[in-house]
Amino acid sequence: MILPPDIRRALDFLPFGVSDGSGAFDALRSEAEYANALLHTGEGEGADFLGWVGLPSAVTPEVLDGIRAAADELRRRAEVVIVIGIGGSYLGAKAVMEALGDPFASLSRERREGGDHNSPTIVFAGHTLSEDYMASLMEAVEGREVAAIVISKSGTTTEPAIAFRIARQHIERRYGAVGAAERIVAVTDGACGALRTLADEAGYKTFAIPDDVGGRYSVLTPVGLLPLAVAGVDIEALMAGARRMEAATAPDVPFAENPAAMYAAARHALYGAGYKIEILAAYEPALQSFIEWWKQLFGESDGKRGRGIFPAGAIFTTDLHSMGQYIQQGERTIFETFLSVAESRRELRVERAENDGDGLDFLAGRRLGEVNRKAEQGTTLAHVDGGVPCIRVEIPRLDEGALGELIYFFEKACAIGGYMAGINPFDQPGVEAYKRNMFALLGKPGYEAEADEIRKRLG
Ligand code: PA5
C-alpha cells in the first residue's frame, strides 16, 4: 500500500512550519479536507464529472468479465491490436502496459520458456498526425492478423478519427465487412457522436464510457481496461489497488493518513511559495509513459486562468546527465516529486572482476537496485541543498495493485488540488483553440469565416 507521501523536504521550503503556531498549516489542511469533501458531496465545480470518484468500488465482476471476454476474443484473433485514441483515451493504458511490460519483449519472446506466446503486440495510433508514423504502422501490420480498438469519448476527435478510418479500411479490405466487425471494438459515448453512430451501423462490439467520467480520469473504465486486458494485464488486481486507495482517501480519513490530501496540500503550498514547475521523477524507465499520463492529468486539469503548476517529467539517473545541471543550479522555481519503487522485480548483482581496472569492486555482490536507490537518496539531498523542495511517493513494486493505487492517488490529488486552487479540474476549454485554426486551414465545412483571417496571419 502506498504510504502518505513524505513531504518533510518540501515543508522546509515553505514560509511556515507544521507547528510554528502561525495556523497556516492548519488552514492548508482544512482547505484540502474541504476540497476532498466537495468531491464526495458533488457541490464543487464540474460536479457532472465526478463518476471516477466511486468507480473502483462500483465496478462489478460482471463488467470486468465482459471486458475480459471481448479482450480474449481479440487476443484469439489478432497478432497485432491497434489501439486508437489520444490524450486520456490512450495514455493510461500505455502507462500501465509499459510499467508492467518487458522492454525487450521482442527479443526475449521466442527464448523464454512458459511465457505467454499468444499475447498480441499492441501498437498505438490516433495520438499523432504524423504521416510517417501511420504509414510505417500500416506497413508493419500488412500480412498480419490484425484487430483494432478505437477509443474516443466524443467520437469526433480528428486524430483518432483519421487513424481509425485508415485502420478500418485496411481491416475491411482484408476481412470484409463481417470479418471487420469481429475484429473492431469501439469504446465511446453510450448514445452520441460520430463513432457511436458508425459503430452501431457497422455492428461493432462497443463499450460505453460513463457520461460522468472525463477523458483523463477514464483509465479505470473500458477506455483503459479493455486494451490492458488484451495486453494480458490483471485488471481485477488493478481495480483492487484503486479500491484500496479509494478507501484510503475517503473524506473521513484524517489528513495525515490521506496520501492524496497531503500531496495536494504540499503542491498547493509550494505553488503559493513560488515553485511553479513540478518534475515527476522516477528511477525506472518503465515509468516513462506513466509520467506522460501524469503530465496530462495535471496539465489539463491545473493550467487555467493564467495559473497552474507546469508538470514536467524526468527519468533518473538518465536525465541527471541532461537536466541535472539545471535542476541543481538553474532558476529556483522547480520542485520535484520522486516516484520511488521500493523493490525491483528482477535481481542482478555486480560481480567481482578478476581485474578491478574499472574500480567497481567496492560494489561487488550488491544489487543494481541498491545502487539505484542510493542514487535516489543522493540526488534528493543534493537537490534539496540546491534549493529544490522534494516530495517522495513510494510504491512497493511495479505490479497491477500498486499501479491501481497510484492511478487513483494521483486522480484524487489532482482533483483536490484543483478545488484548492479554485478552478474546475474536469474541463479543458483551452484545447479547442488549435483545433479551430486547424479546421479552418484544412477547409472543414463551417469554418469558412475564420479561414481567410488565419491564412493572412500566417502570411
Ligand atoms: O482528458 C481529456 O478529456 C482529453 O485529453 C481527451 O481524453 C482527449 O482529447 C480525447 O478525447 P476523445 O476521447 O473525445 O477523443
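When a residue number appears, it is its place in the shown sequence, counting from 1. Please read all numbers here as calculations on a predicted model, not as lab measurements.
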Trainee: Here's one to test your reading of the geometry: is the NZ or CZ of K205 within 45 degrees of the ring axis of F207 and under 6.0 Å from its centre?
Mentor: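 Yes, K205 lies over the aromatic ring of F207.
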Trainee: Under 6.0 Å between ring centres: does that hold for F298 and W294?
Mentor: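 Yes; W294 has its ring centre under 6.0 Å from that of F298.
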Trainee: Which residues pass the side-chain contact (heavy atoms from CB on, under 4.5 Å) test with A167, not counting sequence neighbours?
Mentor: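 In terms of side-chain contact (heavy atoms from CB on, under 4.5 Å), with neighbours along the sequence ignored, A167 is linked to I82, I84.
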Trainee: With heavy-atom distances below 4.5 Å as the criterion, would you say the side chains of I391 and L270 are in contact?
Mentor: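 In short, these two side chains touch, coming nearer than 4.5 Å.
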Trainee: If you count every heavy atom of other residues, nucleotides or ligands that lies below 6.0 Å from E453 atom CD, does the total exceed 12?
Mentor: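 No.
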Trainee: Which value, rounded to the nearest 0.5 Å, describes the distance between H268 atom NE2 and I309 atom CD1?
Mentor: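 Nearest 0.5 Å value for the NE2-CD1 distance: 9.0 Å.
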Trainee: Salt bridge or not for D399 and R345, using N-O below 4.0 Å?
Mentor: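 Salt bridge between D399 and R345, a charged N being under 4.0 Å from a carboxylate O: no.
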Trainee: Nearest 0.5 angstrom please: T41 OG1 to E43 CD, how far?
Mentor: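 So the gap between those two atoms works out to 3.5 Å.
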Trainee: By salt bridge (Lys or Arg N to Asp or Glu O under 4.0 Å), which residues pair with R457, not counting sequence neighbours?
Mentor: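 Once residues adjacent in sequence are excluded, R457 has no partner under the salt bridge (Lys or Arg N to Asp or Glu O under 4.0 Å) criterion.
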Trainee: Please confirm whether the backbone N or O of G446 pairs with a side-chain atom of E448, one donor and one acceptor, at under 3.5 Å?
Mentor: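 The answer is yes, because a donor-acceptor pair under 3.5 Å joins these two groups.
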Trainee: Between I279 and T337, does the side chain to side chain contact (heavy atoms under 4.5 Å, CB included) criterion hold? Intermediate values first, please.
Mentor: CA-CA 6 Å; I279 299 177; T337 297; over 6 Å; no
Trainee: Would you say R75 and S119 make side-chain contact, with heavy atoms under 4.5 Å?
Mentor: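 Yes; the side chains approach each other to less than 4.5 Å.
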Trainee: Between R307 and D302, does any NZ, NE, NH1 or NH2 come within less than 4.0 Å of an OD or OE carboxylate oxygen?
Mentor: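 Salt bridge absent between D302 and R307.
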Trainee: Taking everything shown except R332 itself, do over 12 heavy atoms lie less than 6.0 Å from its CZ?
Mentor: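 Atom CZ in R332 is packed in, count exceeds 12.
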Trainee: Output the distance between atom OH (Y34) and atom CG (L39), rounded to the nearest 0.5 Å.
Mentor: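 One gets 11.0 Å once the value is rounded to the nearest 0.5 Å.
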Trainee: Got a second to check how far L195's CG is from D189's CG, nearest 0.5 Å?
Mentor: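 Atom-to-atom, L195:CG and D189:CG are 9.5 Å apart.
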Trainee: With the threshold set at 4.0 Å, does a side-chain nitrogen-carboxylate oxygen contact exist between R436 and E432?
Mentor: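 Salt bridge between R436 and E432, a charged N being under 4.0 Å from a carboxylate O: no.
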Trainee: Kindly indicate whether the side chain of Y204, heavy atoms from C-beta on, has any atom under 4.5 Å from the side chain of R168.
Mentor: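 Yes; the side chains approach each other to less than 4.5 Å.
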Trainee: Only one of V213, V187, L228 clears side-chain contact (heavy atoms from CB on, under 4.5 Å) with V223; which?
Mentor: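 Output: one option passes, namely V187.
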Trainee: For F439, enumerate each residue passing the ring pair (Phe, Tyr, Trp, His ring centres under 6.0 Å) test, keeping only those at least two apart in sequence or located in another chain.
Mentor: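 Here the qualifying residues are Y447.
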Trainee: To check you understand the geometry: which heavy-atom pair defines the closest contact between L398 and A99, and what is its length?
Mentor: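 Nearest pair, atom of L398 first, then A99: CD1-O, 3.6 Å.
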Trainee: Picking from I151, T157, T128, T158, what satisfies side-chain contact (heavy atoms from CB on, under 4.5 Å) with I86?
Mentor: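 Checked I151, T157, T128, T158 against I86; only one passes side-chain contact (heavy atoms from CB on, under 4.5 Å): T157.
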Trainee: Does R392 reach the side chain of P5, with side-chain heavy atoms less than 4.5 Å apart?
Mentor: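 The answer is no, as the side chains (C-beta and beyond) never meet within the 4.5 Å cut-off.
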Trainee: Not counting sequence neighbours, which residues clear ring pair (Phe, Tyr, Trp, His ring centres under 6.0 Å) with H127? List them please.
Mentor: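 Ring pair (Phe, Tyr, Trp, His ring centres under 6.0 Å) check on H127 returns Y90, Y133.
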Trainee: Should the ring pair F410 and F290 be called parallel, tilted or perpendicular, given that the plane angle runs from 0 to 90° and is split at 30 and 60?
Mentor: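 Plane angle between 30° and 60°, so tilted.
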Trainee: Keeping to residues at least two apart or across chains, list the ring pair (Phe, Tyr, Trp, His ring centres under 6.0 Å) pairs with something in residues 213-235.
Mentor: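 Residue pairs passing ring pair (Phe, Tyr, Trp, His ring centres under 6.0 Å), neighbours aside: W52-Y217, Y217-F426.
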Trainee: Please list, chain by chain and in numerical order, all residues satisfying ring pair (Phe, Tyr, Trp, His ring centres under 6.0 Å) with Y419, sequence neighbours excluded.
Mentor: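 Partners of Y419 by the ring pair (Phe, Tyr, Trp, His ring centres under 6.0 Å) criterion come out as none, since no residue qualifies.
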Trainee: Short question: side chain of R373, backbone of A342 - any donor-acceptor pair under 3.5 Å?
Mentor: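 Indeed, once roles are kept as given, a pair shorter than 3.5 Å links the two residues.
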Trainee: Indicate yes or no: at least one non-hydrogen side-chain atom of N424 is less than 4.5 angstrom from one of F49.
Mentor: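 When only atoms from C-beta onward are counted, F49 and N424 do not touch, as no gap falls below 4.5 Å.
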Trainee: What closest approach, in Å, do R196 and T206 show between heavy atoms, and which atom pair accounts for it?
Mentor: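 Here R196 and T206 meet closest at NH1-OG1, 3.2 Å.
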Trainee: Would you say I162 and L129 make side-chain contact, with heavy atoms under 4.5 Å?
Mentor: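 Contact flag for I162/L129 side chains = yes.
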Trainee: State, with a plain yes or no, whether a side-chain heavy atom of Y275 is found less than 4.5 Å away from one of R267.
Mentor: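 Sidechains of R267 and Y275: no contact.
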Trainee: Test the K276-Y271 pair against the cation-pi criterion, namely NZ or CZ under 6.0 angstrom from the six-membered ring centroid and within 45° of the ring axis.
Mentor: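 Pair K276/Y271 counts as cation-pi.
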Trainee: Spell out, as yes or no, whether a donor-acceptor pair under 3.5 Å connects the side chain of D319 to the backbone of I315.
Mentor: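 The answer is yes, because a donor-acceptor pair under 3.5 Å joins these two groups.
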Trainee: Keeping R77 on the side-chain end and V146 on the backbone end, is there a donor-acceptor pair under 3.5 Å?
Mentor: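 A pair under 3.5 Å: no.
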Trainee: Do you know the tightest heavy-atom contact between E376 and F338?
Mentor: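 Nearest heavy atoms, E376 then F338: OE2-CB, 4.2 Å.
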Trainee: To the nearest 0.5 Å, what is the distance between CG on D6 and CE on M262?
Mentor: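 Answer for the CG-CE pair, D6 versus M262, is 8.0 Å.
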Trainee: Does the side chain of E246 pick up a donor-acceptor pair with the side chain of S57 at under 3.5 Å?
Mentor: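 E246 vs S57: donor-acceptor pair found between side chains.
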Trainee: Would you say S301 and R216 are linked by a side-chain donor-acceptor pair, where the criterion is simply a distance under 3.5 Å?
Mentor: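 R216 vs S301: donor-acceptor pair found between side chains.
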Trainee: Once rounded to the nearest 0.5 Å, what's the spacing between atom CG of L406 and atom CE of M245?
Mentor: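 Answer for the CG-CE pair, L406 versus M245, is 7.5 Å.
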Trainee: Before you tell me yes or no, could you show the steps for T121 and V81 under side chain to side chain contact (heavy atoms under 4.5 Å, CB included), namely the whole-Å CA-CA distance, both residues' side-chain angles and the distance that decides it to 0.1 Å?
Mentor: CA-CA 6 Å; T121 299; V81 177; over 6 Å; no
Trainee: With no hydrogens and no angle check, is any side-chain donor or acceptor of Y408 less than 3.5 Å from a backbone partner on V53?
Mentor: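 Indeed, once roles are kept as given, a pair shorter than 3.5 Å links the two residues.
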Trainee: I need the minimum non-hydrogen distance between A440 and A451, along with the two atoms involved.
Mentor: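 Nearest pair, atom of A440 first, then A451: O-CB, 3.7 Å.
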Trainee: For residues F316 and A281, report the shortest heavy-atom separation together with the two atoms involved.
Mentor: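 The pair with the smallest heavy-atom distance is CE1-CB, 3.6 Å.
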Trainee: Are the charged groups of K295 and E292 less than 4.0 angstrom apart, N to O?
Mentor: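 Looking at K295 and E292, the cut-off is met.
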Trainee: Determine yes or no for a side-chain-to-main-chain donor-acceptor pair under 3.5 angstrom, with T60 supplying the side chain and V63 the backbone.
Mentor: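 Side chain of T60 to backbone of V63, a donor-acceptor pair under 3.5 Å: yes, one is there.
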Trainee: For residues T188 and S152, report the shortest heavy-atom separation together with the two atoms involved.
Mentor: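 That would be OG1-O, 2.7 Å.
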Trainee: Walk me through whether E159 and K435 qualify under salt bridge (Lys or Arg N to Asp or Glu O under 4.0 Å).
Mentor: CA-CA 11 Å; E159 292 90 337; K435 294 183 192 169; over 6 Å; no
Trainee: Is any side-chain heavy atom of K412 closer than 4.5 Å to one of N36?
Mentor: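 Touching, per the 4.5 Å side-chain cut-off.
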